[in-house]
Amino acid sequence: NYQKEVEFLCNFITKEDQVIDIGCGTGIHASLLANKEINIEGLDLNKEMLDIAKTRLKTNLYLQNILELQINKKYNVIISMFAVLNHLKNKKELEKCFANFQKILKPNGKIIIDLHNPQTSGTKTDSFNNMKRTMKWEFDQEHKTEKSEIIFEVGNEKYIDNHIFYIFSIDDIKECALKAGLKVLNVFENYDCKKK
C-alpha cells in the first residue's frame, strides 16, 4: 500500500527537506512524495529499475550500492523502504550501511527505514488487477535468515522470484546505529505512528 506508506513518511518530512530514497527501485515512493512537492532524489543498484524510475521522476537518480556510497551532498532525510536493508548479509554490513548514511546526513537529520521482521514461516496469496501473487517464506532462527519464493501469475505467464533476507532484531538495529554514530528514536509497526 504505497499510499499508506507515503502518508506515514509525511509525518516526518517537510517540503523544506532535502530527501533521498535509498533503494528507490522503480521510484514509486519517490514519485508520490514528489507529487506532494517533496524535494527528493533516488538511489538504487539496479539499472533496469532506475530506468523505470527515470520515467516517473525528474530528479537526480544515482546508480550505486549502499555499501559504497559516493555522493557529495547531504540530506535532511534519508528513507529506505520496502525491506532494502534486509538484503544486507549481516550486522557488519548494516553497520557499514549506517556509517555511509551518516556521511550524507545533515546535522539533526532523520533516517527512516522500513524493515521486514516476521521471524515466522508461512504462505500468503493475494491479487492485484490481473495478477496473482503467492508468497512462501521460511524463517531460519539459527542463521537469522528468511528464504522466500514469490510466484507472480500474470495472464498465462508465471514469474518466480527467490531471495534471502537477513532478519535484524530491533536490538541489532540499535547496536549498529550506535556504532555508526546514530541513535534510534522510534520504532513503529505497520506504518502506524501510534503502534510501537
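No experiment lies behind these values; they were computed from the predicted model shown. Heads up: numbering here begins at 1 and tracks the sequence.
Between F188 and F8, the ring-plane angle classifies as perpendicular under the 30° and 60° cut-offs.
Residues K36 and I13 form no side-chain contact, since every pair of their non-hydrogen atoms from C-beta on lies 4.5 Å or further apart. In this structure, T134 and T123 have side chains that are not in contact, with every pair of non-hydrogen atoms separated by 4.5 Å or more.
Within 6.0 Å of NZ on K136 lie no more than 12 heavy atoms contributed by other residues, nucleotides or ligands. The number of heavy atoms from other shown groups lying within 6.0 Å of CE (M135) is above 12. The environment of CZ in F12 is crowded: more than 12 heavy-atom neighbours from other residues, nucleotides or ligands sit within 6.0 Å. Counting heavy-atom neighbours within 6.0 Å of K74 NZ, excluding the residue itself, gives a total above 12.
We find that K15 and E37 are joined by a salt bridge, their nearest charged nitrogen and carboxylate oxygen being less than 4.0 Å apart. Salt bridge absent: K132 and D126 never bring a charged side-chain N and a carboxylate O closer than 4.0 Å. Ionic pairing of E175 and K179 is present here: one or more N-O contacts between side-chain nitrogen and carboxylate oxygen are shorter than 4.0 angstrom. The pair D51-K47 counts as a salt bridge, with a side-chain nitrogen and a carboxylate oxygen less than 4.0 angstrom apart.
Side-chain atoms of N76 and Q18 include no donor-acceptor pair closer than 3.5 Å. Side chains of R56 and T26: a donor on one and an acceptor on the other come within 3.5 Å. With hydrogens and angles left out, the side-chain atoms of E41 and Y75 include a donor and acceptor closer than 3.5 Å.
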Name every donor-acceptor pair, under 3.5 Å, that has one atom in a side chain of residues 148-162 and the other anywhere in the protein, sequence neighbours excluded.
| unit_1 | atom_1 | unit_2 | atom_2 | d |
| --- | --- | --- | --- | --- |
| S148 | OG | E146 | OE2 | 2.9 |

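The hydrophobic cluster containing L67 also contains I104, counting ILVMFWY residues as joined when their side-chain heavy atoms lie under 4.5 angstrom apart, directly or transitively. Using a 4.5 Å cut-off between side-chain heavy atoms of Ile, Leu, Val, Met, Phe, Trp and Tyr, with links allowed through other members, I71 and L61 fall into different hydrophobic clusters. Linking Ile, Leu, Val, Met, Phe, Trp and Tyr residues whenever their side-chain heavy atoms come within less than 4.5 Å places L32 and Y191 in a single cluster.
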Walk me through whether N100 and Q102 qualify under side-chain hydrogen bond (donor to acceptor under 3.5 Å, both in side chains). CA-CA 5 Å; N100 286 341; Q102 205 265 1; over 6 Å; no
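When I113, I22, L115, D114 are each tested for a side chain to side chain contact (heavy atoms under 4.5 Å, CB included) with M81, only one passes: D114.
Taking every heavy atom of both residues into account, C193 and N11 meet most closely at SG-ND2, 3.4 Å.
The backbone N or O of V84 lies less than 3.5 Å from a partner atom in the side chain of H87, making a donor-acceptor pair.
Within the hydrophobic cluster formed by Ile, Leu, Val, Met, Phe, Trp and Tyr side chains joined at under 4.5 Å, directly or through other members, I167 is accompanied by F139, F165.
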